[in-house]
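Here's the structure, in structure tokens; my notes come after.
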Amino acid sequence: MSDNDLIARIRAAARQEQFLDVVSAEEARARFESHLDLTPLGAETVALAGALARVLLYDVVAAVDAPPFDRSNVDGFALRAADTIGAGDSAPKFFTLNTEVIASGHAPALEVKPGTATTIATGGVIPRGADAVVMVEQTELMEQGTPRIELRRAAAPGQFVSYAGSDIARGETLLRRGARIGSREIGMLAAGGLGHIDVVRRPKVAVLSTGDELIEPGRPLSPAGVYDSNGAIIAAAVAEAGGEPVSMGAFPDDAAALEKAVRRALAESDMVVLSGGTSKGAGDLSHAVVSRLGKPGILVHGVALKPGKPLCLGVADKKPIVVLPGFPTSAIFTFHAFVAPVIRALAGLSPEAAETIQARVPVRIASELGRKEFVLVSLIEGEAGTIAFPTGKGSGSVTSFSQADGFLEIDALASSLDAGSDVQVTLIGSAAQAPDLVIMGSHDVALDVVVGELAERGFSARTLAIGSLGGVAAISRGECDVAPVHLIDPASGRYNVHLVTPGLALVPGWRRMQGILFRPDDTRFEGKIAAEALKVILADPSALMVNRNAGAGTRVLIDDLLKGARPAGYANQPKSHNAVAAAIAQGRADWGVAIAPVAKLYGLGFLEVAPEHYDFLVAESRRDRPATRAFFEALRDHETRKRISALGMQPADD
Ligand code: AMP
Ligand code: MG
């Protein structure tokens, strides 16, 4: 590339050209659907064994009865109920046994005449003349002479008989069209004698990802590489919506190569779904490719939604073609809102009914004016009803959609949702059962060990990582049972005790050694103690630090170490130990303060500074609940403590 080309590219990227012509979600859907035929695709006949998860194209009418004949429900004797009238302990009745035994699968040959009975097995065909069955246990076989039985109890007509068609009646509608075939449906179809069945042809949906940074899961991650998670989640969501995903993989940001792939996808499938290549800076690559594919082309480019603004909906050769935003949460959100309904319709499935519940938001949620905003939430059963806690990690998050219980909407005209607002939450997937224990606060890998042990004891837990301060606020509002915290009181230098207020107690957890992280080849640190190393780097303007966010316990320690110094990099303030370690490991910074286990995880050097106390605030009112007690038993368990130590923490003695 010549210098001029490079400069032109930098200019274009810096201008962040805005191509979007934003419309509302309703308008977007209407435009898209007006160009689509949403009737189910045609029929395909499949063998019953291959019918699982398919969708019935027609109502299925039973061609046979089930059971196909009157059938005995027990091992016993078929006879005439009228012959048993008056039978009792003082007046036993006797029946001569006919000379056949009716086993399953064998048609009876002899008629049951008055005063006789025929031996019959469970599932046997009731013979002509008989109208009831008596259980073998209620009879006595006469040992002498012709085989006879003695009966001391009367039988009602129909006793222990299942009549033909009582389960499935010939001519009855067994299953309705549009039904998704599960194991139970397969059982019904088999009982109805069907070996093959007409199902809706599954729409073939080509799934493509775009981005120079994308790497196929399973391969090693290159510097600046990101795993192609959209490709995997979208293909799976296509299958869940009743489609047949055709995973085409990830393509670099190259218009010619992408266009070739998209044209092939369009020729070979019923629908094409791309993700990525949507950001304004990147020149809107996917949009440009789709705009060249054919009539009517792009119908919508830009929807007033958050997440999901750069969504692009189009139709070419009568086939829908969609470009989802690259950010994982945006991609999956817009997939469910705009793409899944189309796949379901083509697959013959009815629209998914959205299930909603009422809840209250405990914190203020800021929102962008002019865009309808969807906020992912976790649902918690609080003392005063259901609480919807925003879990959003931003639209770049892969986990926020999969871990959320539902989402709430903030109107385009609102700039925030106030704390305490009542909202309607649309549930995602099947509503999870309320957990036995709610843990909200700071997360730590050793917490996963305790929660694992708690699960062994039969209790489920929901953990929301909202930081120490968030945990303190949540437990004071009665939203959780346990709040893991690690906050130092700058006045006393002691951890966590200052957080205890009436109604709360503090249970010691473990100690995490904090120290200075550096790349092992960096001679400014190697072999020194922390105080010496600190002196060296504070005198070295080329030593770039990575700080922590205000409010973090570690930040208090850092400020204490720096004693007012402001080394280069001080303003870089990520929110986790992992982010600090990643910045140093990848050379974006030279040193920072984090906990020892994280240094080890990233292969970094570590100079001890001071232990941090990771403890648990617990609501006194909930302390005696079985799940809370089990949690603290799990914490004190010998095996748990060993595993916490193995992670590099010191369990507290209490
Ligand atoms: P783009 O729309 O290509 O500008 O992408 C926006 C953001 O989403 C970038 O951070 C991308 O790395 C990320 N992204 C794009 N495609 C994928 C994908 N298939 N899997 C995971 N992240 C992606
Ligand atoms: Mg990209």
Side-chain angles (χ1 to χ4, degrees), residues 9-10 12-20 22 205-239 245-259 261-262 265 272-291 298 300-303 305-314 321-339 371 374 376 392-403 574 579 582-583 586 588:
R9 265 191 56 175
I10 293 171
R15 244 181 263 127
Q16 302 231 334
E17 285 167 47
Q18 176 61 278
F19 301 98
L20 306 187
V22 174
V205 181
V207 180
L208 296 82
S209 304
T210 67
D212 286 341
E213 74 281 27
L214 298 180
I215 292 175
E216 191 185 328
R219 293 181 184 272
L221 207 51
S222 59
V226 171
Y227 283 123
D228 173 14
S229 59
N230 287 352
I233 190 170
I234 291 164
V238 164
V246 183
S247 294
M248 298 192 55
F251 295 83
D253 289 317
D254 173 83
L258 186 62
E259 182 169 341
V262 173
V272 179
V273 179
L274 286 140
S275 74
T278 57
S279 64
K280 341 173 209 174
D284 236 352
L285 180 86
S286 303
H287 168 261
V289 166
V290 173
S291 68
I298 290 171
V300 173
H301 187 209
V303 183
L305 283 184
K306 189 179 177 181
K309 191 172 180 179
L311 175 71
C312 172
L313 304 172
I321 168 156
V322 174
V323 183
L324 303 173
F327 277 124
T329 294
S330 308
I332 197 64
F333 218 101
T334 45
F335 177 89
H336 283 291
F338 295 91
V339 184
R371 280 164 80 187
F374 295 93
L376 291 164
K393 296 184 184 174
S395 56
S397 161
V398 183
T399 52
S400 51
F401 193 87
S402 25
Q403 290 174 356
Q586 293 160 4
R588 280 176 284 115

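Just so it is clear, the values below take in all heavy atoms, side chains as well, and ignore hydrogens, waters and symmetry mates. Both ligands and their constituent atoms are indexed starting at 1 by order of listing.
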Are the side chains of Thr334 and Val339 in touch, meaning some heavy atoms are under 4.5 Å apart? no
Taking only non-hydrogen atoms of Pro325, do any sit less than 4.0 angstrom from ligand 1? no
By ring pair (Phe, Tyr, Trp, His ring centres under 6.0 Å), Phe338 pairs with (sequence neighbours left out) none
State, to 0.1 Å, how close Ala206 and Met248 come at their nearest heavy-atom pair, and which atoms those are. CB-SD, 3.9 Å
If we number the atoms of ligand 1 from 1 as shown, the ones under 4.0 Å from a heavy atom of Ser229 are 20 (N), 21 (C)
To the nearest 0.5 Å, what is the distance between CG on Asp228 and OG on Ser275? 6.5 Å
For Phe251, give me all partners under ring pair (Phe, Tyr, Trp, His ring centres under 6.0 Å), at least two apart in sequence or on another chain. none
Would you call Gly277 a ligand 1 contact, heavy-atom distance under 4.0 Å? yes
Part of Ser209 with heavy atoms under 4.0 Å of ligand 1, whether side chain, backbone, both or neither: side chain
Contacting atoms of ligand 1, where contact means under 4.0 angstrom from a heavy atom of Asp228: 18 (C), 19 (N), 20 (N)
Heteroatom distance test (Gly326, ligand 1): nitrogen or oxygen, under 3.5 angstrom: yes
Counting from 1 in the order shown, the ligand 1 atoms closer than 4.0 Å to a non-hydrogen atom of Glu213 are 11 (C), 12 (O)
Does any non-hydrogen side-chain atom of His287 lie less than 4.5 Å from one of Ile298? yes
Heavy-atom side-chain proximity of Val238 to Val207 below 4.5 angstrom: yes
Would you kindly specify which portion of Asp253 sits under 4.0 Å from ligand 1, judged on non-hydrogen atoms: side chain, backbone, both or neither? neither
Under 4.0 Å from a heavy atom of Tyr227: which atoms of ligand 1 are those, numbered in the order shown and with their elements? 20 (N), 21 (C)
With respect to Gly231, determine whether any N or O atom, backbone or side chain, lies less than 3.5 Å from an N or O atom of ligand 1. no
Taking the side chain as every heavy atom from C-beta outward, state whether Val205 and Pro245 have any pair of such atoms under 4.5 Å apart. no
List every atom of ligand 1 that sits less than 4.0 Å from any heavy atom of Gly276, numbering the atoms from 1 in the order shown and giving each element. 2 (O), 3 (O)
